[in-house]
Protein chains: 2
Amino acid sequence: MTETDSRLALSKSQRAYRWIKERIASQQFTPGYRLVLGTIAAELQMSVVPVREAIRQLEAEGLVTFERNVGAHVSMVDERRYSASMQALSLVEAAAVALAAPELSAADLRRAREINQHMRDGLDHPRGFDPHAFTVLNQEFHATLYRACPNPRLVELVDAEWARLGNMRDSIFAFVPDRARESVTEHDAIVDLIERGAPVTEIEQQMRRHRAGTLQAFLSTTHPDQTVTLPEL
Amino acid sequence: MTETDSRLALSKSQRAYRWIKERIASQQFTPGYRLVLGTIAAELQMSVVPVREAIRQLEAEGLVTFERNVGAHVSMVDERRYSASMQALSLVEAAAVALAAPELSAADLRRAREINQHMRDGLDHPRGFDPHAFTVLNQEFHATLYRACPNPRLVELVDAEWARLGNMRDSIFAFVPDRARESVTEHDAIVDLIERGAPVTEIEQQMRRHRAGTLQAFLSTTHPDQTVTLPEL
DNA sequence: CGGATCGTCATCGTATACGATTTCGGATAC
DNA sequence: GTATCCGAAATCGTATACGATGACGATCCG
């Protein structure tokens, strides 16, 4: 028998897990979308048992909410949770990028600049600004920087936190397009810092400020009247 | 019927989840311990299905490792993963405590000092130093500080990370009892900082240094020969 | 006409069943 | 004595089945 057969074969529960996660990430399943076990099982041509397992895992990650005897739905992200999660992401990612900085190759930095250039191009696209495309590029840019972090656990944490936020991430740039422009500028500044070998703490600070700006922009749309004071970390 | 009946009734999968997690936390299930579905199901008087779900959740949290067609076991924590996780904890907890500092009441601080005093007492206990008891108190001390953090997500992250590390946490103080003494001193310094209303960034730095000291001590036992250089965040 | 009650349907939660896979020990060959 | 192969036992993975629970609408009463 071939080695690859059973080793690489994904269990059904894992297939279900990936399938659902994929849908959530790609916004086909938006927050509040109800995940009916039987329906998903039928769609994937399996029984409900593996689907339940998959949903439990997603629940543990915070992407899905399970209500006893009622069912599961894609987690709603209210503003409070969102900004809390965003702040957590900010802190962890800042550290990850700072630690990654010395590891980044010239190619990595080139790629980061390239992505950022695409983002800049998108700002004045003849067909209008596309927040979704911008957001995807934004994630790629950030991923390019933090993925090189030598601490794999930090990378996991950043990935997980980003997945949680994925649900609402488009909305920021859709509602506050000006923030997109600022973002691109700050991205360049960050790459500059890394390229010139700035101290890690400085890079960390810069990353935190960058994220804080985005969060601030988000909060100003949800609470336009009150001035929200961000914790100063 | 009473309201509380079905609302508060835990599903079997949740019971299994808590039961297993409890055992892992209390070291009854040590790293490598094999979790056999049928056995656990019999013990809890339920079928294997809920147990599987529970284990999947624990897997998503990193406490348990599942191997296809082989079974589940409590995650082994090799030094690399351990120090990575420890560093992640250090960064997140430092931020959490810094943010919690302004929220801490006089009673909280009193309690923290109290716990720390117990730890100090344990150092010169007539019956000898008990690393396990010390570790429990250590966790309580830290929890007292970071639990007040206004960002619930950060608290979750710290809790989760601490659970992951739980498996090996005793060993540090068991192998390096001198570190325990240092720890107690540093704890007081941290409470001092908070009490006197030091800037959050300073508190964050202090927390990071505190954790780094413990990690350093741990690494010096596992790699006594080489000098491990810690990332300077 | 509004609200409470009851029955039905959709869906969940878990037990049981069984095929699939791995593990492990013993038998056999060298 | 060691290596290899085979078969049984242990365990996993998933389908199916069915009781339990909650959602929702129809009906009945005030």
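The figures that follow rest on heavy atoms only: side chains count, while hydrogens, waters and symmetry mates do not. Residue numbers begin at 1 in each chain, while the letters A, B, ... track the order of the sequences.
Under 4.0 Å is where a charged nitrogen must lie from a carboxylate oxygen, and between A/Arg208 and B/Glu204 at least one such pair does.
Rounded to a whole Å, the CZ atom of B/Phe66 is 7 Å from the P atom of D/dC12. The nearest whole Å value for the distance from the CG atom in A/Asn69 to the C1' atom in C/dC12 is 6 Å. Taking atom OH of B/Tyr17 as the reference point, atom C1' of C/dG13 lies 19 Å away to the nearest angstrom. Regarding A/Leu37, its CG atom lies at a distance of 7 Å from the C1' atom of C/dC12, rounded to whole Å. With rounding to whole Å, A/Arg34 atom CZ is found 13 Å from D/dG22 atom P.
Taking CG of B/Leu154 as the start and OH of B/Tyr146 as the end, the distance is 11.5 Å to the nearest 0.5 Å.
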Protein and nucleotides 14-18 of chain D: nitrogen or oxygen contacts under 3.5 angstrom:
| from | atom 1 | to | atom 2 | distance (Å) |
| --- | --- | --- | --- | --- |
| D/dT14 | OP1 | A/Lys12 | N | 2.5 |
| D/dA15 | OP1 | A/Lys12 | NZ | 2.9 |
| D/dA15 | OP1 | A/Ser47 | N | 3.4 |
| D/dA15 | OP2 | A/Ser47 | N | 2.5 |
| D/dA15 | OP2 | A/Ser47 | OG | 2.4 |

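The shortest distance between side-chain heavy atoms of B/Tyr17 and B/Leu10 does not fall below 4.5 Å.
A/Ser13 and A/Ala54 make their closest contact through O-CB, 3.6 Å (heavy atoms, listed as atom of the first residue, atom of the second, distance). Minimum heavy-atom separation, B/Lys12 to B/Gln45: NZ-O, 4.1 Å.
Checking B/Asn138 against B/Thr135 by side-chain atom types alone, no donor-acceptor pair falls below 3.5 Å.
A/Leu35 comes within 4.0 angstrom of sugar-phosphate atoms only, judged by non-hydrogen atoms across all strands, and of no base.
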